[in-house]
2 protein chains.
Amino acid sequence: MTLRKGVDRSYDVLVGRRILSHLHEEIQRSGAFSSYAVVTDEHVRPLVAEPLQKLLKSHQIDTELLTVPAGEAAKSVTTVVELCQQLVVRGFDRQSLLLAVGGGVVGDIVGFAAAIYLRGIRYIQIPTTILAQVDSAIGGKTGVDLPSGKNLLGAFHQPLLVLCDPDMLDTLPLQARRDGLAEVIKTALIGDPELFALLGREGGGLLDVDSPVLETILVRACAVKCRVVSQDEHESGLRRILNFGHTLGHAVEAASNYMITHGQAVAIGMGVALQFSREWTGLGKAEAEHALSLINEVGLPTEIPPDLDLGSLLAALEKDKKIQSGICHFVLLSKIGHPVIHPIRLGELRRSLEARMNQ
Amino acid sequence: MTLRKGVDRSYDVLVGRRILSHLHEEIQRSGAFSSYAVVTDEHVRPLVAEPLQKLLKSHQIDTELLTVPAGEAAKSVTTVVELCQQLVVRGFDRQSLLLAVGGGVVGDIVGFAAAIYLRGIRYIQIPTTILAQVDSAIGGKTGVDLPSGKNLLGAFHQPLLVLCDPDMLDTLPLQARRDGLAEVIKTALIGDPELFALLGREGGGLLDVDSPVLETILVRACAVKCRVVSQDEHESGLRRILNFGHTLGHAVEAASNYMITHGQAVAIGMGVALQFSREWTGLGKAEAEHALSLINEVGLPTEIPPDLDLGSLLAALEKDKKIQSGICHFVLLSKIGHPVIHPIRLGELRRSLEARMNQ
């Protein structure tokens with residue numbers, strides 16, 4: 001699967017079991033490098049990063065192993081600067097290569113460091129969660145949080161390569177699997193009706209670590225993401241469809257003080273978007289119900305929790321960096337696989353949400 | 001003068017007296033913006049930024065006026081993050097425009113902030129020193145220092161527009177004029193023999209605030225820089241010729257603990273490069289002497305100060321992020337206007353410098 005964006009921006013997204021055992025060949029094929037660093041977090045280090053470092057060493061690729069703190073709180077400028085300072089100390093230059101091994105947070109930190117270190121060096125994404133494999137590792141969006149909001153600083157910086165190995169997901173905790181499936185379901189809903197049908201047949205079985213369809217699902221979900229971002233690298237138009245469930249989802253996350261996970265919040269956002277799609281863009285009743293029950297079957301919510309403060313939710317929505325002049329561009333569906341950008345005034349959105357929450 | 005780099009990266013570099021009085025028209029022509037900030041430093045604020053803010057206000061463009069500390073020490077991640085936090089507080093979004101009003105430091109800080117705020121917003125460069133007008137404001141290189149070295153973090157982020165108004169230079173201190181002339185002379189030597197001839201005719205008169213040729217000189221110097229960077233945005237090949245005098249110059253600056261200014265250091269670097277060009281790339285004696293005496297006439301040095309520690313100088317050279325595998329790509333001249341990239345092993349360079357300093 002190749003993501004193309006002009007001649008200089010094409011790169012491969014490789015998905016498959018045991019694909020990591022080919023990493024050294026992919027690195028050698030990608031160019032000449034002066035030095036290598038595997039960057040990971042404390043949790044992923046013993047599970048994936050250390051074995052990977054040994055594997056690369058057996059193929060004559062010597063890597064430094066650098067660790068950033070685990071968790072969303074680490075997604076700060078401070079972490080990025082500290083990582084860059086470690087690169088300086090180790091003499092990393094413009095020909096060095098970084099390998100980001102971890103979930104979305106590690107990918108964001110390493111991608112942003114690679115974007116700004118010496119005005120940009122090359123990096124490879126090796127995502128270790130479903131969420132990162134099908135979503136955040138693909139597309140070159142990198143960023144960190146400021147105290148006043150998430151992802152406020154960042155850069156578009158495309159990786160040299162993305163390697164998604166389903167074998168790495170065996171140790172993933174149940175909630176992280178659920179969170180990842182929220183993105184997989186989103187991808188199916190906006191861009192792949194066949195994937196949606198496959199997911200529907202599996203239902204709760206998708207949570208099974210040994211699910212035989214996992215590889216197929218990841219391949220198809222990555223393909224949708226690649227297709228969308230290669231047509232629109234900078235999120236000006238088409239890429240907005242990836243925000244299905246996310247506009248409200250981000251606000252739900254923020255209003256809950258991040259007690260609700262990203263996957264749960266996106267699931268809630270999709271639940272509301274599916275209901276809005278029934279009302280406003282003609283989504284069929286059976287399709288909407290299918291989608292809602294699939295989300296519930298994998299253990300994710302589809303309704304805004306009644307104890308969530310609507311004022312905080314709307315305040316968070318208004319702060320969304322994609323909302324301009326009081327108009328929120330909501331992604332809805334006309335049918336499965338057919339997203340529609342639907343502009344809603346914030347006032348109208350407020351009334352709809354109030355009505356829904358007071359039912 | 002238009003800098004072209006693909007369809008999306010072309011922008012104007014406008015040079016001329018009173019060009020600033022057309023800024024509002026240029027802004028209106030450039031697109032629709034949701035909000036504006038003039039970002040400057042404490043020194044430039046009363047001299048240029050406040051009058052500019054009033055001027056824009058008289059044309060119905062309301063700007064926030066934000067100040068960063070003056071001086072190289074301000075070129076830090078901390079300053080950039082604080083600036084971005086001010087933008088968040090003021091509700092700046094992806095459609096906002098920043099105007100960088102100041103010297104190279106302000107341009108670097110604002111350019112980098114524009115590169116990473118919300119993954120990139122638009123900005124205009126309004127350089128207020130000769131150095132920034134003919135060099136740093138053009139080409140999209142932005143960056144900040146780390147404690148361990150200069151410009152270690154940054155991004156290539158092209159401005160929407162660069163406006164160079166010679167009228168802004170009236171209040172420039174003498175040393176800053178000299179520093180700027182070092183870059184002007186460099187530009188002439190690598191790319192414009194006619195400009196070199198013009199500079200030679202003026203000599204020390206170039207330091208005169210009312211020099212009638214200043215506008216012509218700035219136009220020609222900017223044209224050379226535009227020509228080079230539009231052919232090579234990311235410094236992979238041709239753009240390296242801009243480093244004439246700079247490879248050694250940066251090391252001289254660092255070895256002097258920045259007691260020697262950038263312009264003086266570049267002048268010294270050019271002095272050594274001219275002598276190397278005599279020895280290694282066939283530069284004629286008369287041409288070299290012409291160039292050396294021009295540099296001296298504007299009050300700049302051409303020799304490494306005898307009290308500079310050669311060990312520190314060589315250590316600084318070895319840390320240069322452009323030096324790979326012990327080979328230093330020195331820019332030399334075969335004649336005026338004809339730069340040649342000359343690879344020198346660091347060991348050979350060390351012996352040449354030792355011989356020169358022990359004379």
Side-chain angles (χ1 to χ4, degrees), chain A residues 6-8 32-35 76-78 80-96 108 111-121 139-157 233-236 318-325, chain B residues 6-8 32-35 76-78 80-96 108 111-121 139-157 233-236 318-325:
Chain A
V7 175
D8 294 324
F33 303 98
S34 56
S35 53
S76 69
V77 179
T78 308
V80 169
V81 170
E82 282 170 0
L83 173 57
C84 290
Q85 276 167 334
Q86 291 196 57
L87 298 177
V88 176
V89 169
R90 285 166 177 78
F92 273 55
D93 63 22
R94 290 182 175 176
Q95 307 305 317
S96 299
D108 259 340
F112 189 42
I116 65 173
Y117 185 65
L118 306 180
R119 298 198 186 94
I121 64 172
K141 276 171 76 168
T142 71
V144 297
D145 304 336
L146 284 183
S148 43
K150 283 167 64 95
N151 295 316
L152 291 178
L153 300 185
F156 287 95
H157 185 53
E233 195 186 350
H234 286 92
E235 208 168 43
S236 47
E318 278 167 46
K319 271 179 65 182
D320 191 305
K321 58 184 178 288
K322 288 174 217 84
I323 293 182
Q324 282 146 20
S325 321
Chain B
V7 176
D8 295 323
F33 303 98
S34 56
S35 52
S76 69
V77 178
T78 309
V80 170
V81 170
E82 282 170 1
L83 173 56
C84 290
Q85 276 166 334
Q86 291 195 58
L87 298 177
V88 176
V89 169
R90 285 163 176 80
F92 274 55
D93 63 23
R94 290 182 176 177
Q95 307 306 318
S96 299
D108 258 341
F112 189 42
I116 64 173
Y117 185 65
L118 307 181
R119 298 199 186 92
I121 64 171
K141 276 171 76 170
T142 71
V144 298
D145 305 336
L146 284 182
S148 44
K150 283 168 63 94
N151 294 316
L152 292 176
L153 300 184
F156 288 94
H157 186 52
E233 192 185 352
H234 285 91
E235 208 169 47
S236 44
E318 277 167 46
K319 270 178 67 184
D320 191 303
K321 58 185 180 287
K322 288 174 218 85
I323 293 183
Q324 283 146 22
S325 322

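So you know, we letter chains A, B, ... as the sequences are listed, proteins then strands, and number each from 1.
- Ranked by non-hydrogen atom pairs under 4.5 Å with chain A, the options B:V144, B:V88, B:V89 are led by B:V88.
- In this structure, chain B has no heavy atom under 4.5 Å from any part of A:T78.
- To the nearest 0.5 angstrom, A:L146 atom CG is 8.5 Å from B:Y117 atom OH.
- By number of non-hydrogen pairs under 4.5 angstrom with chain A, the leading residue of B:V80, B:L87, B:T142 is B:T142.
- Considering only residues two or more places apart in sequence or on other chains, B:A114 meets the side chain to side chain contact (heavy atoms under 4.5 Å, CB included) condition with B:L98, B:I121, B:Y123, B:H157.
- Counting only distance, with no hydrogens or angles, the side chain of B:R119 and the backbone of A:L153 share no donor-acceptor pair below 3.5 Å.
- Heavy atoms closer than 4.5 Å to chain B are found in the side chain of A:F112, but not in its backbone.
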